[in-house]
There are 2 protein chains.
Amino acid sequence: MDMPIRTTDEVNLDRLDTALGFLMRLAQLKIYERFFEEVGDHNLKPGEFSVLWVLLHNPGIRQSVLGQRLMIKRAHMTKLIRSLEDQGLVSRRIPDDDRRAVEITLTPAAVTMVEQAGDWFFTYEDSVGENLSAAERRQLTALLRKFVGLG
Amino acid sequence: MDMPIRTTDEVNLDRLDTALGFLMRLAQLKIYERFFEEVGDHNLKPGEFSVLWVLLHNPGIRQSVLGQRLMIKRAHMTKLIRSLEDQGLVSRRIPDDDRRAVEITLTPAAVTMVEQAGDWFFTYEDSVGENLSAAERRQLTALLRKFVGLG
DNA sequence: CAAAATTTGTTTACAAAGAAACAATCTCCA
DNA sequence: TGGAGATTGTTTCTTTGTAAACAAATTTTG
């Protein structure tokens, strides 16, 4: 009873083990872990890929809109975009109708690269829910989409 | 068609909007946002609360076991525990049978505090899934538990 | 129209978290 | 027994992301 805990599975989490915030954090750590196992060599980080993917499908999108959609803060977006620009993957353009804004576009080389990266990214994504059945995985996705207000 | 995107809901995410990693990140950001709205005044961060909660239910647990269960890396755990110690919330003890290890216990003052914090934390947790029905919320929790290998 | 308020992106300073190297201790086995 | 290897926690350094202050451009409003 009063024996000090020695092993992980003896730990009593009490109600914490049904707290959404806690479960979500564990889930995300697991996903990140697998991401670097499976695709770490392609030297693209998850955040970078999501930015590039959205740029592939929304050429000329404004930095602010991109950030709002991906929930990336302005200060951080500035660094991300500069890094991608330094790698020659994106170009920036100040539009005439609002000279505060910046429009971002993939370079031609990046278009090919991102299409290819999409192949292994979504292959990896499909493999992430392996301990769930296909139906459970669909259900989880649908619930998460509703939870975050997408769809 | 080729009109540049101007507003958030025009953005085309393509398959990204069903990627578990992406949805999970959005979900966690939403949860954190709400955490600081609702309970930010209690100057406890989510990570700190989870550590204190587990200590409440597992007095004298070893730092390594605590870290493994909560998926907190050793280096980070050291800082967390020291911070809690500086706030007078936990005490550290080197057990005789393994002088590398550290056993952590809540101070008496902290016990009361954490029990109280649990009240508002789990109230907040219940309110987090507001745009889901009770059944959907249970389902989401169960799927996440299976996904991360709990239960 | 002109002043005030807002939006957009950048900079600077900082906090959270991880990686790698390290020291101390313990375990295992020849 | 004693030495090789593993475990535990700490330190140091780096990365990732946020907060706050700022400058420039735009919008609002009196």
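Worth saying up front: this structure is predicted, and the values here are computed from it rather than measured. Throughout, protein chains are lettered first and strands after them, A, B, ... in sequence-line order, and every chain is numbered starting at 1.
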> Under 6.0 Å from the CG atom of A:D97, do we count more than 12 heavy atoms belonging to anything else shown?
Replying inline: yes

>> Tell me if the centroids of the rings in B:F22 and A:W53 come within less than 6.0 Å of each other.
In response: no

>> Measuring from atom NZ of B:K79 to atom CG of B:L84, what distance do you get when rounded to the nearest 0.5 angstrom?
In response: 14.0 Å

> What is the distance, rounded to the nearest whole Å, between atom CD1 of B:I94 and atom C1' of D:dG9?
Replying inline: 9 Å

> What is the nucleic acid contact for A:A75, judged by heavy atoms within less than 4.0 Å: base, sugar-phosphate only, or nothing?
Replying inline: base

> Any side-chain N or O of A:R82 less than 4.0 Å from the OP1 or OP2 oxygen of C:dT11?
Replying inline: yes

> Does a side-chain N or O from B:R74 land closer than 4.0 Å to OP1 or OP2 of C:dA21, or not?
Replying inline: no

> To the side chain of A:R100, which of D:dT26, D:dA20, D:dG9 is closest?
Replying inline: D:dT26

> Between atom CD1 in A:I72 and atom P in C:dT8, what is the gap in whole Å?
Replying inline: 16 Å

>> Strictly below 4.0 Å: does B:R99 bring a side-chain N or O up to OP1 or OP2 of C:dA24?
In response: no

>> Looking at B:K73 and D:dG9, is any side-chain donor or acceptor paired with a base atom of the opposite kind under 3.5 Å?
In response: no

> Between B:Q63 (CD) and D:dT11 (P), how many Å, whole number?
Replying inline: 11 Å

>> What is the distance, to the nearest angstrom, from the CZ atom on A:F36 to the C1' atom on C:dA17?
In response: 13 Å

> D:dT11 P sits how many Å from B:L80 CG, rounded?
Replying inline: 15 Å

> Of the nucleotides D:dT16, C:dG9, D:dG9, which one has an atom closest to the side chain of B:T78?
Replying inline: D:dG9

>> Return whichever of A:E103 or B:D96 has its heavy-atom-nearest nucleotide of DNA chain C closer to the 5' end.
In response: A:E103

>> What is the distance, to the nearest angstrom, from the CE atom on A:M77 to the P atom on C:dT11?
In response: 16 Å

>> Quick check: on DNA chain C, is the nucleotide nearest A:L29 upstream (toward 5') of the one nearest A:S64, or the reverse? Name the residue that is more 5'.
In response: A:S64

>> Starting the side chain at C-beta, find the nucleotide from C:dT8, D:dT11, D:dT8 nearest to B:Q68.
In response: D:dT8

>> Expressed as a whole number of angstroms, how long is the span from B:R93:CZ to D:dT8:C1'?
In response: 16 Å

> When the nearest nucleotide of DNA chain D is assigned to B:H76 and to B:R25 on a heavy-atom basis, which residue is associated with the more 5' position?
Replying inline: B:H76

>> I'd like to know if A:E48 and A:K45 make a salt bridge, using a cut-off of under 4.0 Å between side-chain N and carboxylate O.
In response: yes

> Rounded to the Å, how far apart are A:M71 CE and D:dT16 C1'?
Replying inline: 17 Å

> Choosing from C:dA16, D:dT26, C:dC26, which nucleotide comes nearest the side chain of B:K45?
Replying inline: C:dA16

>> Please report the interatomic distance CD(B:E136) to CD(A:Q139), rounded to the nearest 0.5 Å.
In response: 10.0 Å

> Taking NZ, NE, NH1 and NH2 as the nitrogens, is one of them in B:E130 or B:R34 under 4.0 Å from a carboxylate oxygen of the other?
Replying inline: yes

> Which of these nucleotides, C:dT8, C:dC26, D:dG17, is closest to any side-chain atom of A:K79?
Replying inline: D:dG17

